[in-house]
Amino acid sequence: MVATREPSDNYSRIYEVVRRIPVGWVATYGQVAAVAGLPGHARQVGYALHALPDGSDVPWQRVINARGEISPRATPGWEGVQRQVLEGEGVTFDARGRVDLVRCLWDPDG
DNA sequence: GCAATGACGCTCT
DNA sequence: CAGAGCGCCATTG
C-alpha cells in the first residue's frame with residue numbers, strides 16, 4: 001500500500017536506517033539509500049542528513065561516502081572530529097584517514 | 001513551473 | 001591509488 005507518502009517521509013526512512021547502524025560500524029550513503037528503499041538516491045541521503053538537527057538520535061556520523069572517506073561538511077576540520085568520534089566507537093581507519101570498509105562496513109542484512 | 005544546488009556514485013584518465 | 005567529469009534525483013529559491 002502505497003500511499004501517498006510525503007517527501008519528508010522519505011527522510012524519516014533514511015533516519016531509521018541510519019539508526020540501525022551498530023556502534024563500531026559504518027555505512028555508505030549508497031548503502032543507506034538502498035536499504036531505505038531509495039536505490040540510487042545516495043545524494044538525497046546526504047541531503048537528508050544535512051537537514052538533521054544537532055542533537056538528534058541519528059548517528060549520521062557513521063554514514064560516509066562509498067570511498068570510506070568522511071564528506072567535508074560546512075564546518076572546516078569537522079572531518080577530523082568525525083574521525084575521532086568513529087575511532088572512539090571502535091571504527092578502524094587507515095593511514096590515509098579513510099575508514100577500513102573491509103573491516104567496519106556495516107552489513108544491513110546482518 | 002523553471003533553474004540551481006547538493007554530507008554522492010560510477011567511470012575514465 | 002588519486003583526481004576530474006558526468007549522471008541521478010529530490011529539495012529549495
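Below, chains carry the letters A, B, ... as their sequence lines are ordered, and counting in each starts from 1.
Distance Asp54(A) CG to dA7(B) C1': 14 Å, rounded to the nearest Å. With rounding to whole Å, Gln31(A) atom CD is found 11 Å from dC10(B) atom P. The distance from atom NE2 of His41(A) to atom C1' of dC8(C) is 8 Å, rounded to the nearest whole Å. We find that CG of Asn10(A) is positioned 16 Å from C1' of dT12(C), with the value rounded to whole Å. Straight-line distance from the CG atom of Leu38(A) to the C1' atom of dT11(C): 14 Å, rounded to whole Å. Spacing between atom OH of Tyr29(A) and atom P of dC10(B) amounts to 14 Å, rounded to whole angstrom units. Note: CG (Leu49(A)) to P (dG6(B)) measures 16 Å, nearest angstrom. Atom-to-atom, CZ of Arg13(A) to C1' of dT11(C) comes out at 18 Å; the value is rounded to the nearest Å.
Here the side chain of Gln44(A) is nearest to one of dC9(C), dT12(C), dG9(B), namely dC9(C). In the set dC8(B), dA2(C), dT11(C), the nucleotide with an atom closest to the side chain of Tyr47(A) is dT11(C).
Nucleic acid contact for Gly40(A): none, since no nucleic acid atom lies under 4.0 Å from a heavy atom of the residue. Contacts of His50(A) with the nucleic acid, taken as non-hydrogen atoms under 4.0 Å apart, include base atoms.
Distance check, rounded to the nearest 0.5 Å: CZ of Arg19(A) to OG of Ser56(A) gives 8.0 Å. Between atom CG of residue Leu38(A) and atom OH of residue Tyr11(A) there is a gap of 10.5 Å, rounded to the nearest 0.5 Å.
Checked against side-chain contact (heavy atoms from CB on, under 4.5 Å), Gln61(A) has the following partners two or more places apart in sequence or in another chain: Gln82(A), Val85(A), Glu89(A). The salt bridge (Lys or Arg N to Asp or Glu O under 4.0 Å) search around Asp107(A) returns none, not counting sequence neighbours. Looking at residues two or more places apart in sequence or on another chain, you find a side-chain contact (heavy atoms from CB on, under 4.5 Å) between Pro22(A) and Trp25(A), Trp106(A).
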Between the protein and nucleotides 11-13 of chain B, which nitrogen or oxygen pairs are less than 3.5 angstrom apart?
none

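Within the structure, side-chain hydrogen bond (donor to acceptor under 3.5 Å, both in side chains) contacts touching residues 67-77 of chain A (residues at least two apart or in different chains) are Arg73(A)-Thr75(A).
The phosphate of dC8(B) (OP1 or OP2) has a side-chain N or O of Ser71(A) nearer than 4.0 angstrom. Side-chain N/O atoms of Arg98(A) include one lying less than 4.0 angstrom from OP1 or OP2 on dA2(C).
If you chain together ILVMFWY residues whose side-chain heavy atoms come under 4.5 Å of each other, Leu101(A) ends up grouped with Val26(A), Ile64(A), Ile70(A), Leu86(A), Val91(A), Phe93(A), Val99(A), Leu105(A).
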